[in-house]
Trainee: 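Below are the structure tokens for one structure; questions will follow.
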Amino acid sequence: MRPVGILGTGAYLPEKVLTNRDLEKMVDTTDEWIVSRTGIRERRIAAPDQASSDLAVEAARQALEHAGLTAEEIDLIIVATVTPDMAFPATACLVQDRLGAKKAATFDLSAACTGFLYGITTAAQFIATGVYRYALVIGVECLSRILNWEDRNTCVLFGDGAGAAVLGPVEEGYGFLSFELGGDGSGGEQLKLPAGGSRLPASEETVKNKLHTVSMAGREVFKFAVRVIGHCTEEALKKVGMTKDDIDFLIPHQANIRIIDSAIKRFGLTEDKVVINLDRYGNMSSASIPVALNEAVRDGRIKKGDTLVLCGFGGGLTWGAAVMKWARD
Ligand code: ACO
């Protein structure tokens, strides 16, 4: 198997900032409640004329430039999202067209907040086996479009954004070392967008009852997240004979600072070893991990040879982790 790693990263965050103070004027909440329960201070909101593909294209262009590749060289584009521009064509097709990535195979992947982990795991198999050479994996969400802005339980938690990574062959000993993916459909009810699919097509009734917005059992999801963030990180490390002491950087899904703190405690990490951006962006579902990765790469925190653990969890229920030795200078 050919060693596979990340050759370049990129991100795009919409300009509009929605602060907790802004939310105080919209629903019965306070900055103090949101910060103490979640760690979130502000989030980005896509402009009315922006859809997920627009955010994705910006992040992808950056990642390609960072990798020193042109769009024509990309063999595969995977877009992980629960907020595609439309049910079909796939957002990956729209992105391919805008980038001019003419030879790329394209598909969307739905694994909620674990989408980026599922995406890089899938893309890496194609490259490791020699089927493809370069893949673009994008996590993108316009969650603001599927939130009930009258529901304080959910609308304060999420934000819009896109993160991208270009995957390709790397030198021996670097790149992805292990993957751990999981799912538990019995927990699907805990986090879902009830209507708009074949079960409950859009109707006056579904619109009236706000069934096109996120429904979440917060406490249950919280307990699940605390359980899996530790478990799947440990499983991914175990697969390559590593322990928590080998972690240089943990890049977790950015859902809630208390969930991340549980991992920091469990693994005895210091905060400088954990990449956190939820205070500025909230939970961007599949975009959270690649945006955080891009930040830590671009500001020079992550260096060649560092051991990274990426860990995600979310709707499905789904979870995943990847261990990698950073391959870029
Ligand atoms: N402002 C003020 N009060 C609020 C707000 C708000 N924005 N939201 C909820 N409350 C109230 C609730 O109504 C409840 O009031 P009640 O006791 O009178 O009914 C009270 O606060 C406490 O609610 P809890 O659910 O106990 O609060 P908790 O400490 O669990 O925090 C939270 C809620 C932040 C949603 C937490 O459960 C959580 O983070 N869960 C995980 C959510 C998550 O991360 N989801 C996504 C992960 S997976 C993925 O990313 C898709």
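Read the numbers this way: they start at 1 and go in the same order the structure lists the ligands and their atoms.
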Trainee: Identify the closest protein heavy atom to atom 44 (O) of ligand 1: which residue and atom is it, and at what distance?
Mentor: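 The protein heavy atom lying closest is Ala255 CB, 3.3 Å.
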Trainee: Could you tell me whether Glu295 and Arg298 have a side-chain N and a carboxylate O separated by less than 4.0 Å?
Mentor: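 No salt bridge links Glu295 with Arg298.
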Trainee: In the protein, what heavy atom is nearest to atom 8 (N) of ligand 1, and what distance, to one decimal place, separates them?
Mentor: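 For atom 8 (N) of ligand 1, the nearest protein heavy atom comes out as Trp33 CH2, 3.3 Å.
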Trainee: Where is the nearest protein heavy atom to atom 22 (C) of ligand 1: which residue, which atom, and how far?
Mentor: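 Going by distance alone, atom 22 (C) of ligand 1 is nearest to Arg37 NH1, 3.7 Å.
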Trainee: Taking heavy atoms and a distance under 4.0 Å, where does Thr38 meet ligand 1: side chain, backbone, both or neither?
Mentor: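 Thr38 to ligand 1: side-chain contact only, backbone stays beyond 4.0 Å.
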Trainee: Determine whether a donor-acceptor pair (N or O, by modelled atom type, separation under 3.5 Å) exists between the side chain of Gln125 and the backbone of Thr121.
Mentor: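 Looks like yes, one N/O pair under 3.5 Å.
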Trainee: Starting from atom 48 (S) of ligand 1, which protein heavy atom do you reach first, and at what distance in Å?
Mentor: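 Of every protein heavy atom, Gly314 CA, 3.5 Å lies nearest to atom 48 (S) of ligand 1.
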Trainee: Give the residue and atom name of whichever protein heavy atom lies nearest to atom 11 (C) of ligand 1, and the separation in Å to one decimal.
Mentor: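 Protein heavy atom with the smallest distance to atom 11 (C) of ligand 1: Arg152 NH2, 3.7 Å.
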Trainee: Decide whether an N or O pair under 3.5 Å exists between Arg219 and ligand 1.
Mentor: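 It does: an N or O of Arg219 is found under 3.5 Å from an N or O of ligand 1.
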Trainee: Can a protein heavy atom be found under 4.0 Å away from atom 32 (C) of ligand 1?
Mentor: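 Given the 4.0 Å cut-off, atom 32 (C) of ligand 1 does not count as touching protein heavy atoms.
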Trainee: Is there a donor-acceptor pair closer than 3.5 Å between any side-chain N or O of Gln62 and the backbone N or O of Ala11?
Mentor: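 Yes, because the side chain of Gln62 sits within donor-acceptor range (under 3.5 Å) of the backbone of Ala11.
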Trainee: Applying a heavy-atom cut-off of 4.0 Å, say which part of Asn153 lies close to ligand 1: side chain, backbone, both or neither.
Mentor: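 Both backbone and side chain of Asn153 come within 4.0 Å of ligand 1.
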Trainee: Give me the residue, atom name and distance of the protein heavy atom closest to atom 1 (N) of ligand 1.
Mentor: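 Ranking protein heavy atoms by distance from atom 1 (N) of ligand 1, first comes Thr29 OG1, 2.6 Å.
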Trainee: Run the salt-bridge test on Arg152 and Asp28 with the 4.0 Å N-O cut-off and return the result as yes or no.
Mentor: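 Answer for the salt bridge query: yes.
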Trainee: Residues two or more places apart in sequence or in another chain: which of them pass ring-ring contact (aromatic ring centres under 6.0 Å, His included) with Tyr134?
Mentor: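 Expected list: none.
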Trainee: For His253, counting its heavy atoms only, list the atoms of ligand 1 lying under 4.0 Å from any of them.
Mentor: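 Contacts of ligand 1 toward His253, numbered from 1: 49 (C), 50 (O).
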Trainee: Could you tell me whether Leu191 approaches ligand 1 through its side chain, its backbone, both or neither, with non-hydrogen atoms closer than 4.0 Å?
Mentor: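 Side chain only; the backbone of Leu191 stays clear of ligand 1.
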Trainee: Short list, please: which atoms of ligand 1 are under 4.0 Å from a heavy atom of Val221?
Mentor: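 Listed by number with element, the hits are 45 (N), 47 (C), 48 (S).
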Trainee: Is there a donor-acceptor contact under 3.5 Å from the side chain of Thr81 to the main chain of Val140?
Mentor: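 Yes: the side chain of Thr81 pairs with the backbone of Val140.
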Trainee: Using a 6.0 Å cut-off, check whether atom CZ of Arg41 has over 12 heavy atoms from anything other than its own residue.
Mentor: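 Count not over threshold, so no.
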Trainee: Is there a donor-acceptor pair under 3.5 Å between the side chain of Trp326 and the backbone N or O of Gly5?
Mentor: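 Checking the backbone N and O of Gly5 against the side chain of Trp326, no donor-acceptor pair under 3.5 Å is found.
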Trainee: Which bit of Phe222 gets closer than 4.0 Å to ligand 1, counting heavy atoms only: side chain, backbone, both or neither?
Mentor: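 For Phe222, the contact with ligand 1 is made by both the backbone and the side chain.
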Trainee: Give the single entry among Met216, Glu220, Met284, Lys192 that approaches atom 42 (C) of ligand 1 most closely by any heavy atom.
Mentor: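 Among Met216, Glu220, Met284, Lys192, the closest heavy atom to atom 42 (C) of ligand 1 belongs to Met216.
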Trainee: Please walk me through it: do Val27 and Trp149 pass side-chain contact (heavy atoms from CB on, under 4.5 Å)?
Mentor: CA-CA 8 Å; Val27 287; Trp149 288 101; over 6 Å; no
Trainee: Among all the protein's heavy atoms, is there at least one whose distance to atom 3 (N) of ligand 1 comes out below 4.0 Å?
Mentor: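 So far as the 4.0 Å threshold goes, atom 3 (N) of ligand 1 is in reach of a protein heavy atom.
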Trainee: Any side-chain to backbone donor/acceptor pair from Ser286 onto Ala80? Under 3.5 Å, distance only.
Mentor: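 Yes, Ser286 side chain to Ala80 backbone: donor-acceptor pair under 3.5 Å.
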Trainee: Between Val156 and ligand 1, does any nitrogen or oxygen pair lie at a separation below 3.5 Å?
Mentor: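 Between Val156 and ligand 1 (N or O atoms, distance only) the closest approach is not under 3.5 Å.
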Trainee: Would you call Lys103 and Asp75 a salt bridge, taking side-chain N to carboxylate O under 4.0 Å as the test?
Mentor: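 Salt bridge flag = yes for Asp75 with Lys103.
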Trainee: Taking salt bridge (charged side-chain N to carboxylate O under 4.0 Å, His left out) as the criterion, tell me which of Lys244, Lys239, Arg227, Arg266 meets it with Glu234.
Mentor: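 For Glu234, the salt bridge (charged side-chain N to carboxylate O under 4.0 Å, His left out) test succeeds with only one of Lys244, Lys239, Arg227, Arg266, which is Arg266.
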Trainee: Counting only heavy atoms, tell me which of Thr114, Asn283, Thr318 gets closest to atom 46 (C) of ligand 1.
Mentor: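 Nearest option to atom 46 (C) of ligand 1, by heavy atoms: Asn283.
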Trainee: Return yes if a side-chain donor-acceptor contact under 3.5 Å exists between Ser52 and Asp85, otherwise no.
Mentor: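 Short answer, no.
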Trainee: Around atom 41 (C) of ligand 1, find the nearest protein heavy atom and jot down its residue, atom name and distance.
Mentor: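 Checking every protein heavy atom, the shortest distance to atom 41 (C) of ligand 1 gives Gly218 O, 3.5 Å.
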Trainee: Where is the nearest protein heavy atom to atom 51 (C) of ligand 1: which residue, which atom, and how far?
Mentor: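 Checking every protein heavy atom, the shortest distance to atom 51 (C) of ligand 1 gives Cys113 SG, 2.5 Å.
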Trainee: Relative to atom 38 (C) of ligand 1, which among Asn256, Val228, Thr30 owns the nearest non-hydrogen atom?
Mentor: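 The option holding the nearest heavy atom is Asn256.
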Trainee: Taking Thr318's backbone N and O only, do any of them form a donor-acceptor pair with Thr114's side chain (distance below 3.5 Å, no angle check)?
Mentor: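 Yes.
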Trainee: Can a protein heavy atom be found under 4.0 Å away from atom 18 (O) of ligand 1?
Mentor: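 Under the 4.0 Å cut-off, atom 18 (O) of ligand 1 has no protein heavy-atom neighbours at all.
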Trainee: Kindly indicate whether atom 6 (C) of ligand 1 is approached by any protein heavy atom to under 4.0 angstrom.
Mentor: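 Flag for atom 6 (C) of ligand 1 set to true, protein heavy atom closer than 4.0 Å.
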